[in-house]
Amino acid sequence: MKAYRILTISGDGIGPEVTAGGKAVLEAVARKYTLDFQFEEALLGHVAIEATGNPLPDETLEKAQNSDAILFGAIGHPKYDNDPSLKVRPEQGLLKIRKELGLYTNIRPIKLFDELIGASSLKPEILKGSDILFFRELTGGVYFGQPRERSADGETAFDTMIYSKSEVRRIAHKAFQAAQKRRKILHSVDKANVLASSRLWRETVTEVAQDYPDVKVRHTFVDAASMMLIKNPKQFDVVLTGNLFGDILTDEASQIAGSMGMLASASVGDKTGIYEPIHGSAPDIAGKNLANPLASILSVALMLEIAFDLKEPANQVIKAVEKTLKAGWRTTDIADKSTESDKILGTKEMGTLVAEML
Ligand code: NAD
């Protein structure tokens, strides 16, 4: 029997709580389909700094390189958010592992489960039928550009927003190929009226588009895109954008799906991929059994499909989530305040229930 080596990196804050749900579902999949999933664990982020002084210990990177897929939770701790002078920071670990594994494409599906229409602050008629696939560039742009410095007198600081044509080209091809299998509309989001890197982005996407004449391309400025996303989300099919804009727009788009706790993602590239919720470590609810584990569970579905080509088990995971929601079970973030019929569960219980539904 083929063995699948899965590394779990649960990280900080709610990371371990939600990743436990994802792992419970993977174990249920293994039982249902008689699959051999072999699990290992590793440290990243604040917990890794506490244990080793390094946000990405060598041992974690080595385990990551030797695994077939990685289930990641979240990193981050208020200690660093409130003290910008700290030189060693949890997010350095996450950025480094993405770079080392060559994970330049972050795929973020924004799909609203019908049962959650009441959980969003947007009007049902605006939301219904929304189905967007984001392609966020993950290893370039202003998050990685050098130099990035604070001046000697501490009065100024700068970052470098840089893209090369090859970086834009490789993710653009992936986004166009996905659009061909969907509604064949691709919004490329940039800020080409102001930024030189965005003008290069737009020019390169236009060149790549020649290879996909069946896909309609709409170049959109990021400020307009942020407005259009909540005004009329149904106009979007595939959205292709850079690292910073994708980070911001997908947090906004999480409200289309009802909560940050619903959005899964796949970070893929040349080697082992990382499957991860889009949310952070949520220190405000960490350790309280309040976090929604469905983003981690839906990341498991992406792992099964993309990393292992196990389409049927992946669909069954999504169906199990759907069934759980249909039966009225909710974590607090997706509860419909206007109805009494929702049944509220904690993080752990939600994970167990979805695993049982499978
Ligand atoms: P966040 O995503 O952690 O939380 C934003 C809001 O969404 C909070 O109110 C939180 O309670 C809520 N939320 C997030 N996930 C939820 C879930 N699964 N269920 C229910 N509610 C959920 O963003 P933040 O507060 O801006 O950042 C907190 C920390 O996380 C920071 O240290 C930041 O650097 C880090 N961060 C990490 C990642 C990552 O690991 N990929 C991503 C973003 C932020």
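Whatever order the structure lists them in is the order used to number ligands and atoms, beginning at 1.
Among T250, L298, I278, the single residue meeting the side-chain contact (heavy atoms from CB on, under 4.5 Å) criterion with S265 is I278.
The closest protein non-hydrogen atom to atom 40 (O) of ligand 1 is I75 N, 2.9 Å. When only non-hydrogen protein atoms are considered, atom 14 (C) of ligand 1 lies nearest to H279 CB, 3.6 Å. Of the protein's heavy atoms, G280 N, 3.5 Å lies nearest to atom 1 (P) of ligand 1. When hydrogens are left out, the protein atom nearest atom 5 (C) of ligand 1 is M260 CE, 4.4 Å; that is the closest non-hydrogen contact. For atom 29 (C) of ligand 1, the nearest non-hydrogen atom of the protein is S281 OG, 3.3 Å. Protein heavy atom closest to atom 21 (N) of ligand 1, with residue, atom name and distance, is I285 CD1, 3.6 Å. Among protein heavy atoms, atom 3 (O) of ligand 1 sits closest to A282 N, 2.8 Å. Of all protein heavy atoms, the one closest to atom 16 (C) of ligand 1 is I14 CD1, 3.9 Å.
In this structure, K165 is not positioned above the aromatic face of Y163 in the sense of NZ or CZ being under 6.0 Å from the six-membered ring centre and within 45° of the axis. Seen from the ring of F158, R148 does not count as a face-on cation partner, given the 6.0 Å and 45° thresholds.
Defined by atom type and a distance below 3.5 Å, a donor-acceptor pair is missing between the side-chain atoms of N66 and R5.
E167 places none of its side-chain heavy atoms less than 4.5 Å from the side chain of I162.
With atom 31 (C) of ligand 1 as the reference point, the heavy atom nearest to it among D81, L290, L294 is part of D81. The heavy atom nearest to atom 17 (C) of ligand 1, out of those in D333, I334, I278, N292, is found in N292. The heavy atom nearest to atom 41 (N) of ligand 1, considering only L44, D12, T331, L94, is found in L94.
The shortest N/O to N/O separation between F72 and ligand 1 does not fall below 3.5 Å. Below 3.5 Å of separation, one finds an N or O of D284 facing an N or O of ligand 1. Looking at E91 next to ligand 1, no N or O pair under 3.5 Å apart turns up. Residue G73 places no N or O, backbone or side chain, under 3.5 Å from any N or O of ligand 1.
Within the 4.0 angstrom cut-off, atom 43 (C) of ligand 1 has one or more protein heavy-atom neighbours. Taking a distance limit of 4.0 Å, we find that atom 24 (P) of ligand 1 is approached by no protein heavy atom. Protein heavy atoms are absent from the space less than 4.0 angstrom from atom 12 (C) of ligand 1.
Atoms CG and CE, from N292 and M350 in turn, are 6.0 Å apart once rounded to the nearest 0.5 Å. Note: D159 CG to Q146 CD = 9.0 Å, rounded to the nearest 0.5 Å. Rounded to the nearest 0.5 angstrom, D114 CG and K128 NZ are separated by 4.0 Å.
In the vicinity of A74, heavy-atom distances shorter than 4.0 Å reach the ligand 1 atoms 40 (O). Atoms of ligand 1 lying under 4.0 Å from any heavy atom of P283, numbered from 1 in the order shown and given with element: 28 (C). Shown in contact with G76 at under 4.0 Å from a heavy atom are these atoms of ligand 1, numbered in order with element: 32 (O).
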List the steps, then state whether salt bridge (charged side-chain N to carboxylate O under 4.0 Å, His left out) holds for K63 with E59.
-> CA-CA 6 Å; K63 283 182 178 174; E59 192 191 338; 3.4 Å; yes
Please test L133 against I107 for side-chain contact (heavy atoms from CB on, under 4.5 Å), starting from the C-alpha separation and ending with a verdict.
-> CA-CA 7 Å; L133 193 60; I107 305 170; 3.7 Å; yes
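Note on ligand 1: H77 sits in its first shell, one or more heavy atoms being nearer than 4.0 Å. Within the 4.0 Å heavy-atom cutoff, A291 counts among the residues contacting ligand 1.
A salt bridge is defined here as a Lys NZ or Arg NE, NH1 or NH2 lying under 4.0 Å from an Asp or Glu carboxylate O, and E276 with R98 meets this definition.
With a 4.0 Å heavy-atom cut-off, ligand 1 is reached by no atom of T332.
The same ILVMFWY cluster, assembled from side-chain heavy atoms under 4.5 Å apart, contains both I334 and L127. Under the 4.5 Å side-chain heavy-atom criterion for ILVMFWY residues, a single connected hydrophobic cluster contains both V194 and V168.
By the ring pair (Phe, Tyr, Trp, His ring centres under 6.0 Å) test, F135 pairs with no residue at all, sequence neighbours left out.
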